[in-house]
Amino acid sequence: MDHSATTAVDPEVTEAMLPYFSERFGNPSSLYTIGRQSRRAIEEARQKVADLIGAKKEEIIFTGSGTESDNLAIKGTVYKNRKKGDHIITSSIEHHAVLNTCKYLETQGFRVTYLPVNKDGLVNPDDVENAITPQTILISIMHANNEIGTIQPIEEIGKLAKEKDIPFHTDAVQTGGKLPINVDAIGVDLLSISAHKMYGPKGVGVLYMRKGVRIEPLIHGGGHERGIRSSTENVPGIVGFGKAAELAKKRLPEEAGVVKLRDSLIRGVLEIDDSYLNGHPTKRLPNNANFRFSYIEGESMVLNLDMRGVAASTGSACSSTSLEPSHVLLAIGLRPEEAHGSLRLTLGLDNTQEDVDYVVSILPEIVNKLRMMSPLAR
Ligand code: PLP
């Protein structure tokens with residue numbers, strides 16, 4: 001129940017990748033047969049990823065991860081447009097791949113506006129509009145949040161960005177393969193996705209770059225990926241991403257169906273006294289449930305669930321090594337002790353109603369046990 005941290009590689013994806021580790025090991029830049037085979041496989045994968053998000057094949061750049069795609073989109077855009085201005089607009093609940101990139105850019109002389117969100121985690125498009133200045137050279141607002149699952153009004157922000165002719169990036173790592181995405185309909189210029197969140201391999205990402213958008217490369221070398229991202233391509237990884245994208249497109253209705261399991265989980269868990277749902281009640285990812293329980297710590301719940309065979313997380317997997325309360329939960333107005341009492345359960349295609357029933361049956365006992373030990377409990 002931690003599919004937003006990562007997913008298992010689909011067996012069909014593994015099967016598609018395997019030949020590119022062994023008999024089809026050619027360097028895609030080589031002119032002979034196995035090199036050309038690798039090149040063809042990459043171009044087929046590019047088309048499949050483009051089809052998933054309604055893009056053109058030439059607009060897809062393969063990278064080493066979602067984090068790299070975010071870095072490339074943000075730094076690449078602002079470095080390219082430095083002469084036009086120095087101002088970036090983002091939100092206070094972005095993934096660290098965006099947030100820490102923006103913080104780094106502040107040390108390089110750029111100015112960043114971190115927009116607040118409401119109690120459900122929504123960015124207000126009026127706030128985006130009010131934050132725009134003649135110096136604004138990038139807007140980066142995530143499609144859906146990785147912790148609380150809130151889906152942002154991305155089309156409205158896209159319209160604003162277009163009117164003002166400001167490049168617009170969205171981190172769609174959590175929505176890729178889960179929600180239908182059409183880059184024209186949502187009006188983005190740059191969009192990041194990552195294979196391992198959609199039953200593909202780890203260590204391969206994509207940056208969608210609308211035709212005509214110019215960015216500065218961050219890695220210089222032999223000019224691969226149209227000079228935007230040099231280095232010999234990760235052929236098996238890219239082939240795996242292509243297959244995962246093809247499967248994801250077919251399985252979008254199944255992903256939407258996960259809502260039923262999610263809602264059953266939410267109903268069951270909220271039966272527990274002093275438990276609350278974090279994030280928007282309806283504008284949320286079909287697989288995301290994020291709760292808070294008064295008087296106890298998320299970490300203890302995660303460890304107790306693990307002992308009962310359930311994988312869960314507090315807030316975000318990415319911040320689990322830190323004792324700081326989640327920046328997302330603080331941004332929606334929770335007190336630090338409330339933020340510490342949060343539990344994220346994210347479902348996937350391999351979960352069943354039995355899984356949900358099992359969690360709903362064991363969680364009250366775990367919560368009660370922890371509350372009995374808690375000095376905060378009444
Ligand atoms: N952006 C979001 C919203 C994410 O959830 C993640 C991963 O947790 C990333 C970016 C980073 O992606 P990757 O793990 O491929 O670097």
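In listed order, ligands and their atoms are each counted from 1.
- Using a 4.0 Å cut-off between heavy atoms, Lys197 contacts ligand 1 through its side chain alone, with no backbone atom that close.
- Looking at Gln174 next to ligand 1, an N or O pair under 3.5 Å apart turns up.
- No heavy atom of Glu68 sits closer than 4.0 Å to any atom of ligand 1.
- Annotation: side chain of Tyr208 is not in contact with side chain of Ile61 (no heavy-atom distance under 4.5 Å).
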- request: Please test Arg251 against Asp10 for salt bridge (Lys or Arg N to Asp or Glu O under 4.0 Å), starting from the C-alpha separation and ending with a verdict.
  value: CA-CA 12 Å; Arg251 292 175 182 165; Asp10 187 284; 2.8 Å; yes
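- The N/O atoms of Ala144, backbone and side chain alike, include none that comes under 3.5 Å of an N/O atom in ligand 1.
- A salt bridge is absent between Glu59 and Lys211: the closest approach of a Lys/Arg side-chain nitrogen to an acidic carboxylate oxygen does not fall below 4.0 angstrom.
- With a 4.0 Å heavy-atom cut-off, ligand 1 is reached by the side chain of His196 but not by its N, CA, C or O.
- Proximity of Thr67 to ligand 1, defined as any heavy-atom pair under 4.0 Å, is shared by backbone and side chain alike.
- Residue-environment remark: NZ (Lys80) exceeds the threshold of 12 foreign heavy atoms within 6.0 Å.
- In summary, the atoms of ligand 1 found under 4.0 Å from a heavy atom of Ser65, numbered by their order in the structure, are 15 (O), 16 (O).
- Heavy-atom proximity to Asp70, at under 4.0 Å, picks out these atoms of ligand 1: 1 (N), 10 (C).
- Contact check for Met209 versus Ile228: side-chain heavy atoms found under the 4.5 Å cut-off.
- Salt bridge absent: Lys243 and Glu15 never bring a charged side-chain N and a carboxylate O closer than 4.0 Å.
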